[in-house]
Protein chains: 2
Amino acid sequence: MASGNLLYAQSGGVTAVINATAAAVIGAARARKVKVLAARNGILGVLREELIDTSKESAAAIRALAHTPGGAFGSCRVKLKSLEQDRARYERLLEVFKAHDVRWFLYNGGNDSADTALKVSQLAAEFGYPLTCVGVPKTVDNDLAVTDCCPGFGSAAKYTAVSVRECALDVAAMADTSTKVFVYEAMGRHAGWLAAAAGLAGRGTDEAPHLILFPERPYEEAAFFAQVKATVERVGYCVVVASEGIQTADGRFVADAGGGKDSFGHTQLGGVASYLAGRVKDTLGYKVHWTLPDYLQRSARHLASKTDLAQAQAVGKAAVELALKGRNAVMPVIVRTADAPYRWKIEAAPLDRIANHEKKMPANFIRKDGYGITDAARRYLEPLIRGEAPPPYGRDGIPRYVVLKNVLVKAKLPAFDG
Amino acid sequence: MASGNLLYAQSGGVTAVINATAAAVIGAARARKVKVLAARNGILGVLREELIDTSKESAAAIRALAHTPGGAFGSCRVKLKSLEQDRARYERLLEVFKAHDVRWFLYNGGNDSADTALKVSQLAAEFGYPLTCVGVPKTVDNDLAVTDCCPGFGSAAKYTAVSVRECALDVAAMADTSTKVFVYEAMGRHAGWLAAAAGLAGRGTDEAPHLILFPERPYEEAAFFAQVKATVERVGYCVVVASEGIQTADGRFVADAGGGKDSFGHTQLGGVASYLAGRVKDTLGYKVHWTLPDYLQRSARHLASKTDLAQAQAVGKAAVELALKGRNAVMPVIVRTADAPYRWKIEAAPLDRIANHEKKMPANFIRKDGYGITDAARRYLEPLIRGEAPPPYGRDGIPRYVVLKNVLVKAKLPAFDG
């Protein structure tokens, strides 16, 4: 095996289990006597030469990492442009790699990160620097190509399905004299994967969620109101799950309709759920409540899916193995080999099949009327939320989440201004 | 023991554990061979003579009830007025009790329900009808007098503390390039109990939640902004927990400032978190996110506190025992006998000491600067969120919550129009 260090970085929005991937990466590398550096705040930490020495963390801390949500080394929302446009930054990455003897680069993120990892590998080849770049999948949006599903999605999906089931029981109990319509806003700007997962909370049109609004279908207010009214009259109440990304037929985001400025010129941060709730109240006259779980849905490690956790760990371990074998410009992906009983395995896929692609939800996952999921969707989604993997709790009633020491290695290069 | 039936009803907003109280009531009554009727949708079910025969439910269903959130028989938001003003309705309650041989009435709710139970007991005495009325405590607001805490609060408090810890880890990871301020809106229109519980998520001013806004303290925007700015500059990000009930010094609810109508005349359902987030964004220029958990916080049975669950069951069992002993117009309350180790017991307290009273949060629970909790608050709150009591999960990855058959007994009286 070549000597040198492995650099791991987290990118984009974090998830309930991205740290489980990190723990698996560190564990697998330690077992092979390879030192792992972690970039502070993703790729920014490389540009800034802020590299964390993970060998300063105890084995217990790394074990605890596997049940801690968030991004333990920090993540970032920075997308590098093309090699031509962002040449100086790509070259800086290589300089930092060289300065710290980084021979393996693992970038844990979505489409953009796969693209960055691919470009870095191309530049390294151009410069003749021996570097193996491996992408590691992660995103609650579940929109990565090739892989059957994305680590992080299953736990957010479980959170969504369980939360919708729970609040629906609440609404059912109160509907006679109080709230008749409840709107739950799910993440998903471009694809309705998490909104679809809410469909696992019930079966049939009389069980909550009664109506799901997908970004894949144009939002038509009159038709939606007719469905809400019919549901309230038939069931007594109506639980709506709305994807944050729903749009009208002419391509306007419904969320934007709910925002804007109030009469004092103050910014109104509306969102889809508050907008829909206001319109339903005004038009149909029902008492409404709504929820915007926001980051709670992607950080709820206490409700992680055991399947998702296992996959997050598996891609981390596989990424190290691929890297140490010199498998350049690939990503370990999840391959589903059976629905029932659910079986999956890890394979390597070339980064250029993943970078900048976006997986849409199949059309046959959405019911013909547009307001619910099909059996095909259920077969796909259900295994992903299966199993529980609760974190250990302290005597204080709160999960024992770890905060790492994150000791930086000494910088060797001049500061980079870019 | 007198023959006859026991009538149980749920009132007001439901909780993660009110059904555990119901299960304990039914279990204790069954053990004593007493039949339990349950009112459909709280006191409304009595007025309408819609009484559920719980003997039609299997032992397994009643056991499952103990881990099912919501209100299994339905609840309602109806407050009866004084005996003079609402005479006809109180007399109707007695008629229904007589028609169904109800000798024990257990009303599971908050201040209003205690008041109703008390008035019913007075009217029964006036009419010479042998009835024992027992209140059973429940409310996530934790504002009942006499009892040390209220079943339902501990689980909502645990949800709040755990959720705030989790989303804070998310924000911490993203703050460098993304969200710097996060606002979490907690229930509590009149008292900041749940906002205070969020304080259990961290220790010291550098751990989230960095700032808590209590309804007990006037909201002053400039001072708050200064705290937010100082926190972001010191820590890198700022997690704010705001009680829905915060008011300005002149007594206006901040939530109302965020609502109103947009330029199209549409209702804006703002809430405190979206308003504060918008103001922080406009004034300080930080990227903000916010969450409104709404009903999720009171229905999250998957994250129930074991302490809370035990107390919810204990008050249910005690209520049956008190009723069957003929202890009229009382409520089983929780008495704390020690903080560390935490010990509690159940005692009976007269309903007239509880009805229409409201317990405020002690002034010494709020830090001098107004933005956090004290050690005294921590000593009080921490035992209430201690211990986990997860529901059983199905193969589908979702808790096995039960929906009862809710078979009504045959009505014997003419319909009541009131």
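Note on naming: letters A, B, ... go to the chains in the order of the sequence lines (proteins, then strands), and numbering restarts at 1 for each one. Note: hydrogens, waters and symmetry copies are ignored here, and every other heavy atom, side chains too, is used.
- Using a 4.5 Å cut-off between heavy atoms, A/Arg395 touches chain B through backbone and side chain atoms alike.
- Neither the backbone nor the side chain of B/Thr307 comes within less than 4.5 Å of any heavy atom in chain A.
- Only the side chain of B/Tyr184 comes within contact range of chain A, judged by heavy atoms closer than 4.5 Å.
- Across A/Pro390, A/Gly12, A/Gly42, A/Ala300, the residue that shares the most heavy-atom pairs under 4.5 angstrom with chain B is A/Ala300.
- Contacts between A/Asn41 and chain B at a heavy-atom distance below 4.5 Å involve the side chain alone, from C-beta outward.
- Contacts with chain A were tallied for B/Gly13, B/Ser75, B/Gly74; B/Ser75 has the most, counting heavy-atom pairs under 4.5 Å.
- The part of A/Leu303 that comes within reach of chain B is its side chain, from C-beta onward, which places non-hydrogen atoms under 4.5 angstrom from that chain.
- In this structure, B/Arg48 CZ and B/Ile43 CD1 are separated by 12.0 Å, a value rounded to the nearest 0.5 Å.
- Highest contact tally toward chain B, considering only A/Thr179, A/Asp294, A/Leu169, is held by A/Asp294 [criterion: heavy-atom pairs under 4.5 Å].
- At a 4.5 Å heavy-atom cutoff, A/Ala172 makes no contact with chain B through either its backbone or its side chain.
- Of all the listed residues (A/His289, A/Arg77, A/Gln10), the one sharing the greatest number of non-hydrogen pairs under 4.5 Å with chain B is A/His289.
- Interface check for chain B: of the options A/Arg386, A/Arg301, A/Glu166, the most heavy-atom pairs under 4.5 Å are formed by A/Glu166.
- For NZ of A/Lys306, the number of neighbouring non-hydrogen atoms (other residues, nucleotides, ligands) closer than 6.0 Å is 12 at most.
- Tested against A/Ile385 for a side-chain contact (heavy atoms from CB on, under 4.5 Å), the candidates A/Asp308, A/Val162, A/Leu200 yield a single pass: A/Leu200.
- In terms of heavy-atom proximity, A/Asn19 sits nearest to A/Ala72 at OD1-N, 2.9 Å.
- Residue pairs meeting the side chain to side chain donor-acceptor pair (under 3.5 Å) criterion with at least one member in residues 156-165 of chain B, sequence neighbours excluded: B/Lys158-B/Glu388.
- Contacts between A/Thr15 and chain B at a heavy-atom distance below 4.5 Å are absent for every atom of the residue.
- Contacts of B/Leu44 with chain A are made by side-chain atoms alone, with heavy-atom separations under 4.5 Å and no backbone atom involved.
- In this structure, B/Tyr295 has its ring center closer than 6.0 angstrom to the ring center of A/Phe182.
- Nearest heavy atoms, A/Gly202 versus A/Pro209: N-CD, 4.2 Å.
- In this structure, B/Tyr401 has no ring-ring contact (aromatic ring centres under 6.0 Å, His included) partners at least two apart in sequence or on a different chain.
- In terms of heavy-atom pairs under 4.5 Å with chain A, the best-connected choice from B/Leu384, B/Val78, B/Asp396 is B/Asp396.
- The minimum heavy-atom distance linking B/Cys167 with A/Leu296 is given by the pair CB-CD2, 3.7 Å.
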